[in-house]
Asker: 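Pasting a structure below so you can have a look.
Indexing begins at 1, ligand by ligand and atom by atom, following the structure's order.
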Amino acid sequence: MYSITPFAGRAGDDKIHPLMCGIVGYVGPRPALGVLLDGLKRLEYRGYDSSGVVVLNGKGLQVERAPGKLSALAERLKTRPLGGSTGLGHTRWATHGGVNEANAHPHRSCDGRIAVVHNGIVENYQELRAELKGHAFTSATDTEVLAHLIEHAYARTGGKHPLKAVTAALERVRGSFALGVIFADHEDLLLAARVNCPLVLGLGEGENFLASDLSALLKYTRRILPLEENEVAKIDPSGVQIFDRELGKIRRKPMKVAWKAETALKGGYPHFMLKEIHEQQQTIAAEISGRDAALDDVRLPRRIDRVVIVACGTAWHAGLVGKVAIEETARLPVEVGTASELRYGDHPFGPGVLTIAVSQSGETADTLAAVRNAREAGSKVLAITNVKGSTLAREADQVLFMRAGLEMGVAATKTYTSQVMNLLFLAAHLGHRRGTLPAARFQALLGEARRLPGLVERVLEDTAEIRKCARKFSRGYDFMYIGRRYNLATAFEGALKMKEISYLHAEGYGAGEMKHGPLALVDDKMTCVAIAPAGRVTEKMVSNIQEIRARRGRIISVATKGDRSVRSVSDHVFEIPACEEMFSPVLAAIPLQLLAYYTATALGRDVDQPRNLAKSVTVE
Ligand code: F6R
């Protein structure tokens, strides 16, 4: 069932959300180190240039940090295991200061009795650092000022009130942050705070957890309490308490998360990405079951003159599929904008505009900023997101939750097809409600959707041709992905997957646009991937392919099984089973995900953690 969450209050002003790091905290009876390392392992896909832990024991706060992947930290800890049952851990994606041990978190106060881990940016850190005269700084980070500020404020409470010290320190800070703090003087206590960066509390029996991302907690608990903007939390083994900045108590019920912990493991696959590509048979089945009935519950505005879809990257590509579908079935004009553009300037939002925000993580800074513009302009916002409790889910008027489960690979795969499925269902329902899609056609589309998991299975069954092409074309050629209508987005998405994980140059382009310029690039070194399943524009695609062949470009096609016209003009064909044109982007995306995957592995790339990228782009 789609879960519909009513509007639940808005977050603070939009600032930058520079968090691609990970935080884990534990307090309870277990040895903290094991929980921290396990949680960090599950968060390593977020930021991965250095890591560190702090554990409280009889010797005070014990810290270990290491640049590089988490394995480097784990290696050091083998010779220096840290005992203690309260601790914090962090994986870093550098913003301020280079990648080295001194800049890795946790950072400590001068006396070493307070340690902090931080995601985000302290914008006024230079000013604060100048003010903190007499404090000895040991790193180039913005985070370290937090440790010293809290130390200063703590001394002013007579060394008695850690919570007051944290809130007083935060009064001085501008920026965005998720923060975990531990005090040597207070056994069994962690403090946490949030401004514009996600942070969740996990509730156990006699033990409690803190993390920047649910995935770190799923092994231990499904009872989750996301912190809201400007809240601070006190976490001890017996429970968690949430406060506002004036230390007024806030009561809120935890939510239950259904995701399985195993989704954060590779399950026998060499990479998360391959596992997640193969999971699509199940995730698409999950998207379908009960969906039609549940969509009736979505409360859409009475008047919709136009639709604006906002998203970034892969989610934007899903939006492009949604545009074709909504225009075809609901006969509404649809604009699809990248949120990074729609957040500034004269935007298209207003009353009568249904804004659909698509974001797997629900935390993408640009998407959130565009959503705030939309709401301010009087537009109703329907979010499509994978993460319950995410900022987007909380700020939107209505939410359609995707059922892709946790995605660990940095390159989106199963969440893309889930986003597309949600938009296609939404399009069909809009058409049905508006009377622009005849009832029989609506039922036929729903029936076709139910066949999809079986069709996905067939796409995944035979990957020999894909692997052959990956080996053949991985030797440094350029790729041009072309498509039209429903599969223009597939061309963009296929090219994005290729460049993200293989680092080879790949462009996505409208097939009909090639002759307006890009055809000049084509020669015998250009590999062209043509997405040409059966549909309204297949013949046009065949002509466009011919234009490329005439210039000696090589052609890999994605075509419907048995289609001779496309095969006759292609060097290689990835077949997908016959389906309604509207659903072809779901099936066609899969061989292209695999092509990118096998090309990247042939080149020895780090598929799950490609260079320079992070899973959730919470930075502007
Ligand atoms: C590419 C990819 C990104 C995301 C984009 C938006 O594989 O994953 O392009 O799609 O950063 O992320 P969400 O959907 O979390 O808003």
Asker: Taking Lys69 as the fixed residue, which of Asp49, Asp606, Asp608 is the one that meets the salt bridge (Lys or Arg N to Asp or Glu O under 4.0 Å) rule?
Answerer: Asp606
Asker: Heavy-atom contacts under 4.0 Å between Val410 and ligand 1: side chain, backbone, both, or neither?
Answerer: backbone
Asker: Between Lys497 and Glu500, does the salt bridge (Lys or Arg N to Asp or Glu O under 4.0 Å) criterion hold? Intermediate values first, please.
Answerer: CA-CA 5 Å; Lys497 288 301 88 121; Glu500 269 183 302; 3.5 Å; yes
Asker: With atom 5 (C) of ligand 1 as the reference point, say which of Cys312, Ser390, Ala315 has the nearest heavy atom.
Answerer: Cys312
Asker: Please determine whether any non-hydrogen atom of Glu363 lies less than 4.0 Å from an atom of ligand 1.
Answerer: no
Asker: At less than 4.0 angstrom from any non-hydrogen atom of Ala411, what atoms of ligand 1 do you find?
Answerer: 7 (O)
Asker: Picking from Phe272, Tyr597, Tyr269, what satisfies ring pair (Phe, Tyr, Trp, His ring centres under 6.0 Å) with His278?
Answerer: Tyr269
Asker: Are side-chain N/O atoms of Gln593 and Thr413 paired as donor and acceptor at under 3.5 Å?
Answerer: no
Asker: Using salt bridge (Lys or Arg N to Asp or Glu O under 4.0 Å), reason through Arg372 and Glu395 one step at a time and then give a plain yes or no.
Answerer: CA-CA 8 Å; Arg372 288 166 193 158; Glu395 292 195 23; 2.6 Å; yes
Asker: Where does the angle between the aromatic ring planes of Phe479 and Phe473 fall among parallel (under 30°), tilted (30 to 60°) and perpendicular (over 60°)?
Answerer: perpendicular
Asker: Describe, in one word, how the ring planes of Phe209 and Tyr220 are oriented to each other, choosing from parallel (under 30°), tilted (30 to 60°) and perpendicular (over 60°).
Answerer: parallel
Asker: Of all the atoms in ligand 1, which lie at a distance below 4.0 Å from a heavy atom belonging to Lys497?
Answerer: 1 (C), 7 (O)
Asker: Check this for me - ligand 1, Gln360, N or O atoms closer than 3.5 angstrom, yes or no?
Answerer: yes
Asker: Near Glu500, which atoms of ligand 1 are under 4.0 Å from a heavy atom of that residue?
Answerer: 1 (C), 2 (C), 7 (O)
Asker: By number and element, which atoms of ligand 1 are closer than 4.0 Å to a non-hydrogen atom of Gly313?
Answerer: 9 (O)
Asker: Contact between ligand 1 and His317 is defined here as a heavy atom of the residue under 4.0 Å from a ligand atom; is it met?
Answerer: no
Asker: I need the atoms of ligand 1 closer than 4.0 Å to a non-hydrogen atom of Gln419, numbered in the order shown.
Answerer: 14 (O)
Asker: Of all the atoms in ligand 1, which lie at a distance below 4.0 Å from a heavy atom belonging to Ala412?
Answerer: 7 (O), 8 (O)
Asker: Please determine which of Lys275, Gln282, Gln281 meets the side-chain hydrogen bond (donor to acceptor under 3.5 Å, both in side chains) test together with Glu279.
Answerer: Lys275
